[in-house]
Structures are given as C-alpha cells and as structure tokens.
Amino acid sequence: MTEKDFKTRYIRARKAVIERDFANLNDMQIKAVTATEGPLLLLAGAGSGKTTVLINRIANLLRYGKASDSEELPENASEAELKILEDAAKDENYPDIAEARRLSALEPCEPWRVIAITFTNKAADELKTRLERMLGADARDIWAQTFHSACVRILRSHADKLGYDRSFTIYDTSDSLSVIKHIAKELDISDKEFPPKSILNYISKAKDEFQTAADFYTQASAMNDIRRKIIGQAFIAYSKRLKDANAMDFDDLIYNTVLLLESNKDVRDYYQKLFKYVLIDEYQDTNNLQYRLAAALTGKRGNICVVGDDDQSIYKFRGATIENILSFEKQFKNARVIRLEQNYRSMGNILGAANAVIRNNQARKGKELWTKKDMGEKLTLYIAQNEDDEARYVASSILKSVELGENFRDNAVLYRINAQSNKIEYSLKRNSIPYRIIGGTRFFDRQEIKDILAYLCVILSPQDELRLTRVVNNPPRGIGEKTVETAQSIAVAEGSALFEVLRNANRYPALERSAVKLRQFANMIDDLRLLSESTPLDELFDIVLDKTGYVRALELKPTDENTARIENIGELKTNILSYIKETGETSLAGFLDEVALYSDIDNYDNDSNCVTLMTMHSAKGLEFDNVYIIGVEEGIFPGIRSIGEPEEMEEERRLCYVGITRARKNLTLICARQRMLFGRTSANNPSRFVEEIPSEFIERKAALRNDSFTTRPEVSSYSASPKKSYLNERPKYSTALPQKQDVSMSFKVGDAIIHTAFKDGVIVKLTPMGGDSLVEIEFESGVKRLMLKAAAEHMRKK
DNA sequence: CGCACCACAATTTTT
DNA sequence: TTGTGGTGCG
C-alpha cells in the first residue's frame with residue numbers, strides 16, 4: 001500500500017466512524033456537522049433542524065476535534081489502526097467501537113474553547129440544556145450565551161482598560177430613555193421636535209457604525225446639519241452621564257467589547273487564542289457591531305460558523321442587516337455554504353405556500369423547502385365580514401379542533417400588530433377558551449420591580465444617579481423634586497457624586513430644610529450596603545423591603561393595583577430564590593447582571609394548555625399544529641408603511657414566510673372586508689401575499705353577506721331580539737331561522753348538555769345580559785362561564 | 001404631593 | 001379604541 005493510499009483510506013475510514021455518531025441526521029446536516037474548519041455559512045430554512053445541527057456540530061468538535069474535516073493523520077498512524085477504523089466503519093456492531101472512536105479524534109476541542117452565541121436567553125438556555133443532555137457536565141463549560149451576556153462576561157474582566165470600573169451597571173432601554181429625557185430638559189431640547197426615542201435611535205445607529213459621540217458631533221458640524229448637531233450634543237451628554245454613573249447601555253456592551261478587542265492587542269490575542277470555534281445563531285438578525293464582534297473573536301484561525309436564514313430576517317427596524325448573511329462569503333474568505341432545505345415541521349401544502357410567497361423577494365440567497373411528508377390539508381382563506389366575525393371564526397374553529405381531539409395548546413393566533421389581539425381575546429373569553437398572550441409589558445419593566453431593583457442598584461453602586469433619583473423619594477419621604485435638583489447642581493458644581501452631597505447635606509445651606517431627611521436616606525443606603533457585603537441576597541432583599549418602607553407604603557393603600565404590585569414583588573423574591581438555587585450565587589452583583597439581561601419571566605409557563613396569541617415577530621422559532629394568521633389585508637399585513645417601499649415590502653413578505661412556516665398541519669389565513677382599527681373603520685383588500693399563494697395550496701371560504709354583521713350584534717342593548725346568529729359560517733337566512741333561536745333559548749338551568757370541546761356538563765346558572773345570556777356550566781373540568789349564543793353553537797341537550 | 005382628567009399617538013422587539 | 005403622559009387643581 002502506498003503512503004498516499006494509506007492516507008486516503010485512513011481519512012475516509014475515520015470520517016465514516018465519526019459519521020456513525022450522527023446517523024440520525026440527513027446528508028446536508030451531516031455535512032454541516034462535519035465541516036468544522038474554516039468559515040461556514042449554514043443557510044437553515046424554517047424547521048430544518050437548525051438547533052439539532054448546532055448541537056451535533058459542537059458534539060463533534062468536542063469528541064473528534066477537526067478529524068472529520070482534516071487531511072492530517074495522527075503521528076505514527078499504523079496499518080493496524082487503519083484496520084480498526086475500516087472495520088468499525090463497516091460494521092454497525094463493531095465490538096470495540098470505543099477504541100475506533102478514540103483513534104478518530106484529532107485535537108478534540110476543550111469545551112471552554114467553543115463559543116456559541118445566540119440572541120435571546122431562551123435560545124441560549126435551550127442550547128445549554130440540549131448540549132448538557134447530549135454531552136454531560138462538560139457542556140457547562142461551553143460559552144453558550146447571548147451576545148450581551150458574553151460581552152458582559154468579557155467586560156467584567158477588562159472594563160478597567162476602557163476606563164470603566166469592572167463593577168459597571170447595565171442600563172436597559174427605559175433607563176436610557178429617562179437619561180435622554182433629563183438631558184433634553186437640561187439642554188432645552190424640545191421633545192416635540194426631538195422625541196427622546198428618536199434621539200436614542202440616532203445614538204444606537206451611531207454606535208452600530210462605531211461612531212463616538214464626539215465623532216457624531218464633529219461630523220454634524222462639518223455638514224452644518226443643525227438637527228444632527230443638537231442630537232450630537234445630547235449624545236455627548238448621554239455618554240458622559242453613563243460613564244459618570246459607571247453604566248453601559250445595551251449597545252455599549254457590544255460596542256465596548258468590540259473596542260476592547262480591536263484596540264487592545266493583549267486582550268484580543270487572549271480571546272482569539274482561547275476560542276478555537278465560534279458559532280453564531282440567527283445570523284440574519286445581527287447588526288454591524290455584532291458582525292465586528294464575531295470577526296474579532298474569530299481571528300485568523302477563521303473557524304466561524306454562522307447559522308441563519310435570510311428569508312427569516314425580520315428585524316431590520318432594530319438594526320439587523322441582512323447584508324451580513326448575504327455577504328458572508330466576501331467577509332470571510334474561502335467560506336463554505338451549506339443549505340438545509342429539508343423541512344421536518346410542515347405538511348406539503350404549507351411549504352408550497354411558503355415557497356411561493358417568498359419567491360417574490362429579490363434580496364435572497366434562494367432556498368426551496370421540501371418535505372417527505374404528504375401534502376396534508378389545504379390552507380384556508382376565510383374572508384370575514386369584519387373583525388368580530390374574524391374573531392368568532394377563530395374561536396369557533398379552535399373549538400372544533402378541540403372537539404376532534406386536539407389540545408388548546410396546539411393552536412396559535414398570529415397577527416401583525418398587538419392591537420389586533422383584543423377582539424380575539426374577547427371572543428376566546430366568551431367561549432371560555434384558555435389563552436395566553438405573549439408580548440405586552442414585561443415583568444422587569446413593571447414600575448414596582450424597577451423601583452426595587454433600583455434600590456438594589458443604588459446599594460451596590462451609589463454613583464448610579466439615575467437609580468438614585470428614582471428611589472430617593474419613593475416611597476415618599478418628603479424629599480421634593482426641587483431639593484433633588486438643588487443637590488444635583490451642587491454635585492455638578494463640586495464635581496462630586498450626588499450621593500456624597502446627600503450624605504453631607506448638612507454642610508450646604510441650600511439644603512438646610514431637608515438636610516435631616518437627606519442624611520437619613522443616605523444613612524439607610526449606607527447601612528444597607530454594609531449589610532449587603534455580608535448578607536445573602538434573599539435575606540438582604542427582605543431587609544431592603546423593610547428598611548425602605550416600600551411595601552409598607554403599598555399596603556397602606558390596598559387598591560387592586562397595589563395588591564398586584566405587592567404580589568409582583570413577591571414574585572421577584574421567588575425569582576431571587578430560584579436564581580440562588582440554580583447558580584449557588586448569593587451576591588447582589590451577580591443577580592443584577594442576570595436581571596439586566598433577562599427580560600422574560602412570564603414566558604416560563606409554556607406547558608399550560610392554552611391557545612397562544614402573539615405577533616408573528618414573537619412567533620419566530622416556534623411551531624404549532626394549527627395556526628391562524630389574522631388581518632391578512634393590504635394596509636395591515638403588509639402594513640401601510642411598507643406599501644410603495646420595496647425593501648420594507650420584502651421584509652413584510654419575510655414576516656409572512658415566518659408566519660406561514662409556524663404551522664405544522666393547518667394554516668388559516670383570515671382577512672376581513674371591513675375592519676375597525678384605532679377607532680377607524682376601513683375596507684381593505686385581501687393581502688397581496690394571499691394572492692401570491694397558488695390556488696392549488698389554498699381554499700377560499702367566505703362569510704356570506706349578512707347585514708347583521710355590519711352592526712355590532714353582541715352589544716345591541718337596544719334590542720333584546722335574539723334573532724342574530726353569532727356564528728356566521730351559515731348563510732344569511734339565519735336571521736330568519738326560527739329553530740336557531742329556539743336552540744339558544746331552549747336551554748335552562750339544570751339541563752344536562754354535551755359541549756363539543758368540554759364534553760358533558762350541567763347548566764348551573766343563566767343570567768340574561770343584553771340580548772344574550774351568561775351561562776354557567778359545570779363540566780368535569782370545572783365550572784365554565786360562556787356566552788350562551790356563542791356556546792349554543794357547540795353544545796346540545798343530552 | 002398626589003390624583004384626576006384630557007390630549008394624543010398607536011407597527012414589529014431583544015438585550 | 002386604548003393606553004399613556006403631561007398638566008392643573010385640590
């Protein structure tokens with residue numbers, strides 16, 4: 001055997017042995033798992049098993065290193081070893097597979113030398129969990145983190161090199177917003193002409209382009225752009241304010257990490273040497289800064305694997321640039337591209353529709369999803385009379401699917417804008433269909449939570465002026481706004497921290513009147529800080545609640561709202577306890593980091609049997625058997641703002657693609673002939689996206705014209721006439737259908753009934769309400785309250 | 001200082 | 001239509 005022969009055979013056999021570990025993957029997936037070296041762009045279509053590939057890829061790196069993608073042989077590779085490999089490759093029941101595997105490894109990677117970056121905590125957690133399940137405890141050392149948490153981790157060791165204290169705090173968007181508002185007031189910038197949010201947007205964009213506040217201002221001056229000059233001033237003040245408070249906003253976390261890596265050779269060398277393999281998930285959602293971060297972490301070794309789907313890029317509005325994925329091959333030389341197009345989620349008709357819609361986009365790499373499943377049900381397009389009809393239709397079909405044995409949790413209602421959820425909610429409520437809404441105010445954005453956390457922040461670092469001013473008179477301590485302002489100007493004049501001024505309030509004549517209260521407050525914080533050094537977090541939390549009197553103030557006025565707030569604070573305590581339990585950490589600093597980067601506590605209970613309501617944006621990454629997309633109309637989806645804007649339109653179309661591909665079995669699109677939104681009624685045409693779906697994949701259904709739907713029957717207090725049908729898949733005659741009326745009227749208390757979704761029940765109460773009745777029915781699963789007319793459609797007397 | 005009332009605006013969202 | 005933020009009054 002020549003040396004060359006030996007080498008070829010060895011490499012082939014070794015690869016075959018490795019691939020045995022990944023036999024449950026398809027060919028493309030195996031390629032993606034084994035192409036370990038150099039830049040790799042993985043175009044992973046919706047439902048193509050992207051996370052599975054990511055996990056298996058990491059497993060391959062840890063077990064076999066670069067062996068599956070290298071021509072290198074181990075030193076002194078022998079013919080005996082080759083025989084073992086070849087036999088193991090051939091024989092599924094090879095006895096000493098462990099030995100073959102050992103021989104197949106080539107520089108296996110240590111877990112802490114793999115960094116896998118995601119966008120959301122949820123994705124990071126999923127990655128961590130699945131990695132640990134596959135690889136055991138070793139997996140815990142893998143850097144499976146979000147962009148932001150990875151940056152925090154790096155900055156906590158090196159922030160001093162950028163002039164920050166390593167214990168810097170993190171400002172979230174609303175913190176940033178209040179800083180901007182204060183600055184705008186100080187600089188006398190009108191919030192009419194310069195909305196704080198838009199100023200923040202400029203700042204964020206500038207950081208994305210790696211521009212400092214000074215750069216921004218200079219540039220604006222050079223261009224003589226008065227607007228940008230004013231924004232530049234705000235930017236400069238904002239940066240100073242944060243720096244003085246030793247705080248970073250979300251953009252700073254990434255910006256500063258990039259700055260650190262690009263400007264400090266030692267640090268750069270350290271991390272580039274550390275990370276042998278860099279993986280980035282959801283690459284289509286990255287912005288310019290994140291690209292630079294990825295490049296800086298990767299270094300010359302070039303082992304970067306990005307996973308993404310250009311067709312699912314839907315976050316342009318928050319800075320994501322599809323350009324990153326489209327030009328990956330230019331940015332990283334000799335990149336390989338692998339497409340994952342086999343879909344494991346949806347039936348054929350759904351994929352046919354998805355492919356047909358997305359094909360209309362220009363800016364894309366090009367992909368076609370396919371499946372081994374059969375065509376399944378055609379999609380349904382329901383043309384409703386109005387938004388009430390739409391909502392009724394959704395509720396009614398969900399009940400039908402439940403009747404056929406599905407669970408509520410198999411259903412999702414998706415929409416373009418949150419405002420659309422209202423009517424659906426009412427309709428689901430009327431039918432006692434359990435649901436949950438994703439989106440809306442997040443737990444950590446709630447006032448009381450922010451207040452308590454602000455206390456904790458101040459205790460940790462009193463120079464955090466933003467949080468300090470938030471809590472100084474909350475609960476009321478008789479420290480007025482004026483007083484705080486005076487103290488602030490003294491601090492500025494002296495060049496000292498606001499907290500110092502409060503602490504020494506008696507020294508300043510201007511603060512004479514409130515000096516006692518101010519010092520009391522400062523002493524309280526000082527005491528708490530002293531305590532925080534030796535007290536575990538959970539105990540400290542209770543003490544803070546007590547000493548600050550926050551909860552006591554709420555208890556004094558037990559309104560519903562305050563009761564809820566107290567409950568939320570209790571919830572926060574629960575959170576702290578589980579944090580301690582999970583991490584074993586009892587320090588305040590660690591917890592505040594976690595909280596700053598963790599926003600969704602509500603999303604934890606995904607096992608309850610509920611219909612899910614959310615925007616299509618929030619639905620990305622999820623899947624359901626039955627999906628309803630509502631408001632599929634020109635002006636809503638695509639939104640009015642994107643009509644006439646080709647790029648925006650493509651983004652809407654991608655959103656549509658995301659929506660469609662959430663469905664496993666049934667997809668219903670609904671548009672209404674007439675709709676009231678934001679108090680205005682309009683008649684919209686069906687969305688162009690519907691027109692883009694060939695009729696072979698979709699079936700049209702329409703509510704027949706029925707005048708009763710143009711008025712709003714369910715609130716018809718003027719008419720007790722119970723003639724109108726609530727479910728309108730029936731022709732118009734229903735208005736005159738006497739039996740119909742009899743059906744809903746004939747139920748009385750004590751009747752035993754069968755409901756299609758809730759099965760056997762007994763009517764326990766009937767309360768007339770408007771032209772309808774509230775009926776309470778005792779089912780096995782408990783007492784449900786339904787509106788009789790709606791419910792009558794789904795039940796009959798036993 | 002807190003509460004009530006009125007004007008106004010309202011894609012999409014994560015960290 | 002709904003929620004929020006600002007102003008003015010008690």
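The structure displayed is predicted, hence computed values, not measured ones.
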For atom CZ of R641(A) and atom P of dA9(B), their distance in whole Å: 13 Å

Nearest listed nucleotide, side chain of P476(A), among dT11(B), dG2(B), dT12(B): dG2(B)

Separation of atom CD1 in I437(A) from atom P in dG3(C), rounded to whole Å: 11 Å

Nucleotide dT14(B), atom C1' - distance to CD1 of I254(A) in whole Å: 10 Å

5' priority, DNA chain B, between S642(A) and G480(A) [closest heavy atom]: G480(A)

Candidates dT11(B), dT12(B), dT15(B) - which lies nearest the side chain of N121(A): dT15(B)

Touch class at under 4.0 angstrom, heavy-atom based, for I479(A) against every strand present: sugar-phosphate

Protein-nucleotide distance (R416(A), atom CZ; dT11(B), atom C1'), rounded to Å: 5 Å

I189(A): side chain to side chain contact (heavy atoms under 4.5 Å, CB included) partners, not counting sequence neighbours: A184(A), L187(A), F194(A), I230(A), A234(A)

Anti versus syn assignment for dT12(B), with syn defined as within 90° of 0: anti

Gap between atoms CZ and P, on F250(A) and dT15(B) respectively (whole Å): 8 Å

Nucleotide dG5(C), atom P - distance to NZ of K192(A) in whole Å: 14 Å

Whole-angstrom distance between dT4(C) and dT13(B), as gauged at atom P: 15 Å

Given dT12(B), dT2(C), dT1(C), the nucleotide with the shortest approach to the side chain of M676(A): dT1(C)

Side-chain N,O (N418(A)) to OP1/OP2 (dA10(B)) below 4.0 Å: no

Donor-acceptor side-chain pairing of D310(A) and Q284(A) below 3.5 angstrom: no

Among dT2(C), dT12(B), dT15(B), the nucleotide that comes nearest once only the side chain of F317(A) is considered: dT12(B)

Let me check something: any side-chain donor-acceptor pairs from residues 148-155 of chain A under 3.5 Å, sequence neighbours excluded? List them with distances.
unit_1, atom_1, unit_2, atom_2, d
H148(A), ND1, F250(A), O, 3.4
S149(A), OG, T146(A), N, 3.1
S149(A), OG, T146(A), O, 3.3
S149(A), OG, T146(A), OG1, 3.0
R153(A), NH1, Q145(A), OE1, 3.4

Sugar-phosphate, base or nothing in reach of F119(A), heavy atoms under 4.0 Å: sugar-phosphate

Side-chain donor-acceptor pair present, E585(A), Y579(A), cut-off under 3.5 Å: no

Touch class at under 4.0 angstrom, heavy-atom based, for N473(A) against every strand present: sugar-phosphate

Touch class at under 4.0 angstrom, heavy-atom based, for Y315(A) against every strand present: sugar-phosphate

Mutual orientation of the aromatic rings belonging to Y164(A) and F168(A) [parallel < 30°, tilted 30-60°, perpendicular > 60°]: perpendicular

T173(A) to L200(A) - nearest heavy-atom pair and separation: O-CD1, 4.2 Å

Touch class at under 4.0 angstrom, heavy-atom based, for E481(A) against every strand present: sugar-phosphate

Nearest-Å distance for atom pair CD/P, residues Q447(A) and dG3(C): 17 Å

Comparing R477(A) and T173(A) on DNA chain B - which has the more 5′ nearest nucleotide: R477(A)

OP1 or OP2 of dT13(B) under 4.0 Å from side-chain N/O of T615(A): yes

Separation of dA9(B) P from L677(A) CG (nearest whole Å): 17 Å

Heavy-atom donor-acceptor pair, S618(A) side-chain to dT12(B) base, under 3.5 Å: no

Touch class at under 4.0 angstrom, heavy-atom based, for Q290(A) against every strand present: nothing

P atoms of dT12(B) and dG5(C), separation to the nearest Å: 15 Å

